[in-house]
Amino acid sequence: AITYLGFNQDQTCLAVGTWRGFKIFSTENFVLLHQEACGAVSVVEMLFRTSLLALVGCSSTRTPASSSRKLTMWNTKDRCNICQLQF
């Protein structure tokens, strides 16, 4: 199921959050640019067309990794989180 849809600032990419993770598509030709199976994501925000993403989990899942009180900064190039903040 889709939990989030949003464009980056210059609308060249579409970010899709799902119960399994997220996907990034190009809006020019709708090619899949990146995907991760990192758990449920309720918000995916991309900084222009860089490899930096801000992810927020879904509180309706029972896994601590996908808490809606956790912000994860994700690097798509290195496929890893940069930092996490708990609120």
Side-chain angles (χ1 to χ4, degrees):
I2 294 175
T3 56
Y4 179 84
L5 286 173
F7 294 98
N8 61 342
Q9 289 94 334
D10 59 7
Q11 298 180 351
T12 58
C13 294
L14 174 68
V16 180
T18 69
W19 290 112
R20 293 189 176 156
F22 66 89
K23 296 179 181 187
I24 305 293
F25 294 92
S26 168
T27 57
E28 295 163 7
N29 51 14
F30 210 65
V31 169
L32 178 64
L33 300 175
H34 188 82
Q35 69 179 348
E36 288 290 334
C38 57
V41 176
S42 63
V43 177
V44 182
E45 289 293 336
M46 184 176 187
L47 181 60
F48 291 97
R49 197 160 179 157
T50 67
S51 61
L52 186 60
L53 300 177
L55 307 173
V56 177
C58 283
S59 61
S60 35
T61 64
R62 297 199 165 125
T63 59
S66 63
S67 168
S68 64
R69 296 177 50 124
K70 184 186 288 186
L71 170 69
T72 301
M73 299 307 294
W74 189 268
N75 183 325
T76 59
K77 185 177 178 184
D78 295 334
R79 299 187 81 159
C80 65
N81 69 34
I82 298 168
C83 67
Q84 291 183 328
L85 299 171
Q86 289 267 53
F87 295 95

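What you see below is based on every heavy atom in this structure, not just the backbone, and it leaves out hydrogens, waters and symmetry mates.
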* Asked: Between the side chain of S51 and the main-chain N/O of N75, is any donor-acceptor distance below 3.5 Å?
  -> no

* Asked: Hey, what do you get for OG1 (T76) to CD (Q35), rounding to the nearest 0.5 Å?
  -> 12.5 Å

* Is a side-chain N or O of D78 found less than 3.5 angstrom from the main chain of C80, in a donor-acceptor match? -> no

* Asked: Run the side chain to side chain contact (heavy atoms under 4.5 Å, CB included) check on V56 and K70 step by step: do they pass?
  -> CA-CA 6 Å; V56 177; K70 184 186 288 186; over 6 Å; no

* To do: Run the numbers on T27 and F7 for side chain to side chain contact (heavy atoms under 4.5 Å, CB included), then give the verdict.
  => CA-CA 9 Å; T27 57; F7 294 98; 3.7 Å; yes

* From CH2 (W74) to CD1 (I82), nearest 0.5 Å -> 10.0 Å

* Asked: Is the shortest heavy-atom distance from the side chain of E28 to the side chain of T12 under 4.5 Å?
  -> yes

* Asked: Does the side chain of K77 reach to within under 4.5 Å of the side chain of H34, using non-hydrogen atoms?
  -> no

* Asked: Taking all non-hydrogen atoms of both residues, which atom of L55 and which atom of F22 are closest, and how far apart?
  -> CD1-CE2, 3.7 Å

* To do: Hey, could you give me the OG1/CG distance between T72 and L53, rounded to the nearest 0.5 Å?
  => 10.5 Å

* 4.5 Å side-chain heavy-atom contact, V41 and Y4 -> no

* Is a donor on one side and an acceptor on the other found under 3.5 Å between the side chain of S26 and the backbone of V31? -> no

* Asked: How many angstroms lie between atom CD of E45 and atom CD of Q9, to the nearest 0.5 angstrom?
  -> 7.5 Å

* Asked: Between R69 (side chain) and F87 (backbone), is there a donor-acceptor pair under 3.5 Å?
  -> yes

* Does the pair M46 and I24 meet the rule for a side chain to side chain contact (heavy atoms under 4.5 Å, CB included), with working shown? -> CA-CA 9 Å; M46 184 176 187; I24 305 293; 3.9 Å; yes

* Asked: Can you tell if the side chain of W19 reaches within under 4.5 Å of the side chain of T3, non-hydrogen atoms only?
  -> yes

* Asked: Are L32 and K23 side-chain neighbours, meaning at least one heavy-atom pair lies under 4.5 Å?
  -> yes

* To do: For the residue pair L71 and Q84, establish whether any side-chain heavy-atom pair is separated by less than 4.5 Å.
  => no

* To do: List the atom of G57, the atom of S42, and the distance in Å for their closest heavy-atom pair.
  => O-OG, 2.6 Å

* To do: Verify, without hydrogens or angle tests, whether N8 (side chain) and C13 (backbone) share a donor-acceptor contact under 3.5 angstrom.
  => yes

* Asked: Just wondering, do V16 and V44 contact through their side chains at under 4.5 Å, heavy atoms?
  -> no

